[in-house]
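Positions are given from 1, in the same order as the sequence printed here.
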Amino acid sequence: MLSKFPCLRQDFLASIVVFLVAVPLCVGVAVASGVPAEVGLVTGIVGGLVTGLMPGSSLQVSGPAAGLTVLVFEAVSEFGVATLGVIVLIAGLLQLAMGFLGIGRWFRAISVSVVEGMLCGIGLVIIAGQLYAAAGLKAPETGIGKIVGLPGAFADALGSTRALASLAIGAGTIAVIVLWKKIPRGAQAVPGALAAVILTTAASLAFSLPVATVQVEGLLGVIQPPGAEAFGELLSPAIWGTIVAFALIASAESLFSAAAVDRLHDGPRTEYDKEMIAQGTGNTVCGLLGALPMTAVIVRSSANVRAGARTKASRVLHGVWLLLFAALLPSALALIPLPALAGILVHAGWKLIPFRAVAALWRGHRGEALILVVTAVAIVAVNMFEGVLIGLALSVVKTAWEASHVRLEVVDKGAGPIQVYPSGNATFLRLPRILDTLESLPQDRPVVLDLSGLHHLDHACRTALEDWAERHSAAGTEPVRLTERAQAPSADSGTPVAPV
């Protein structure tokens, strides 16, 4: 058997590691999304058994992701749990369409700053929301409300023994996850998040702490295919914005994860359109089961690579272990304190904030850093979908502005005509400053405007230059001469004007 599957041992061991990483994250993401804990496990199972079998990226692992928690919670709050399956189903079909149409590879063209800003905004909202959950309090609905209300929430928690016990469990969870990397490497075979859940659960039981625990409904009880009433919600225009947001954000997160995973190993590279089809298939199945949406998850994927996985068998086997756990040991979930899951997600949200990326961009590309920050702030202040759209719009505007860079070189030898040599791309975006420079030229001297150095001259700019040429010269002065054939000046033939 080993001759037929030469990498079975490595893949088997890797699948155990990924399974142990996935369990607390699947459950935590589900609870934070406002759905039963087992729903997260269903998505993890589909990510392993369905998406895991398909071509695309061989080593990345799919399942419920912290990056979609905010969007899912908003969708559940607005449309209800029963409609979530329809949203995920249609989003999956959209992903399938994009994959078959070859759009998957185009997601690589999305500005990294927008994606980092999206993750940063999501991380901030997750942290703020889960701090309330860690204290056993109800969080405000808006991102701004969550952040502004934190001081008052902590003041309330200080006066409640139950809230303080809950906060202690949440803080202990975060401490274990952070400090787990400091222990001997052999003990790190158990992932930090799982160790934190086990230890805080044991502490909660040993000291009989008054903290809320996970509500268990059973695996079959949470599988609820969407009914006719849920499909009727598709007649509402409001739901389509959520569906498109699910499809686009899940696709972007998955494909950016694939690019990151490719840098971690030397195996086959990701085929982006096939990976889009795999993700779409998985989300279609999740929608039919009424489960959470899935994306490729960098935490599980990197754990898979580091654990020595060689083929897709590791991620398929991790789905098998999730299925067996959900079917045979559901009562174990009922012991997990909710603030422990909140602590896991606070740590996950912190990891989403790209502190190093912001610092690096600020040193070398401040425009990109601004896009990242504005995207994050917009997601916190407005919502996920509109925040991402604002970031994309800023990215397009910045690109257009940079693409319209033009330089004017004015050569005045004191006698004869003044020569003006624009170079670069003359578009309407730079037109005001171009005209300011030209209108500052003396009107009693002949002017030659040589357009040969321009790579692009749009209609608005050409029309404005021709109008300026007609009206610029004073009476009795030779009119401005436009030419597109003259040679550009040498470096020492005149005085350059700053770029406009």
Side-chain angles (χ1 to χ4, degrees), residues 12-32 36-41 43-45 48 61 63-64 66 130-131 133-136 164-219 297 299-300 302-304 306-307 317-351:
F12 177 83
L13 294 175
S15 72
I16 298 295
V17 173
V18 177
F19 160 70
L20 296 175
V21 171
V23 169
L25 290 174
C26 287
V27 175
V29 168
V31 172
E38 295 94 333
V39 173
L41 292 174
T43 299
I45 292 166
V61 183
Q130 292 306 305
L131 287 175
L164 287 175
S166 187
L167 275 175
I169 292 292
T173 302
I174 297 171
V176 171
I177 295 174
V178 172
L179 297 175
W180 198 250
K181 296 180 180 179
K182 308 293 184 182
I183 66 173
R185 185 172 296 274
Q188 293 184 30
V190 178
L194 183 63
V197 167
I198 293 172
L199 292 174
T200 52
T201 300
S204 177
L205 293 173
F207 296 101
S208 300
L209 297 178
V211 296
T213 57
V214 174
Q215 299 295 313
V216 176
E217 299 183 21
L219 188 61
V297 189
V299 174
R300 273 158 266 183
S302 59
N304 190 38
R306 287 198 302 266
L317 285 172
H318 119 277
V320 173
W321 311 143
L322 284 175
L323 176 60
L324 292 175
F325 175 81
L328 302 178
L329 297 171
S331 58
L333 297 177
L335 301 176
I336 300 175
L338 288 179
L341 299 178
I344 289 173
L345 287 172
V346 168
H347 181 263
W350 181 264
K351 299 290 284 184

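Considering CG of L20 and CZ of R300, their distance stands at 12.5 Å, rounded to 0.5 Å. Between the CD atom of Q215 and the CG atom of L338 there is a distance of 7.5 Å, given to the nearest 0.5 Å. To the nearest 0.5 Å, atoms CG (L25) and CG (L41) are separated by 11.0 Å. Atom CZ of residue F19 and atom CG of residue L194 lie 8.0 Å apart, to the nearest 0.5 angstrom. Considering CG of L345 and CD1 of I174, their distance stands at 10.0 Å, rounded to 0.5 Å. Going from atom CD1 of I169 over to atom OG1 of T213 covers 11.5 Å, rounded to the nearest 0.5 Å.
With sequence neighbours excluded, no residue forms a side-chain hydrogen bond (donor to acceptor under 3.5 Å, both in side chains) with S204. By the side-chain contact (heavy atoms from CB on, under 4.5 Å) test, L164 pairs with L158, sequence neighbours left out.
Under the 4.5 Å side-chain criterion, counting only non-hydrogen atoms from C-beta, V23 is in contact with L322. The shortest side-chain heavy-atom distance between P339 and L167 does not fall under the 4.5 Å cut-off. Two residues are said to be in side-chain contact when any heavy atoms from C-beta on lie closer than 4.5 Å; V320 and L323 fail this criterion. Looking at heavy atoms from C-beta onward, L219 lies out of side-chain contact with F325 at the 4.5 angstrom threshold.
In this structure, V297 and P64 approach most closely via the heavy-atom pair CG2-O, 4.0 Å. Smallest separation of non-hydrogen atoms from A340 and T200: CB-OG1, 3.5 Å. Nearest heavy atom pair, residue I45 against residue A326, reads CD1-CB, 4.4 Å. Contact between G192 and V176 at its shortest, heavy atoms only, is O-CG1, 4.3 Å. In terms of heavy atoms, A66 sits closest to A348 at CB-CB, 4.4 Å. Contact between P210 and A165 at its shortest, heavy atoms only, is CD-CB, 4.1 Å.
Considering I344, T173, I177 as possible partners of V197, the one that fulfils the side chain to side chain contact (heavy atoms under 4.5 Å, CB included) test is I344.
Side-chain N or O atoms of W180 include one that pairs as donor or acceptor with a backbone N or O of V190 at under 3.5 Å.
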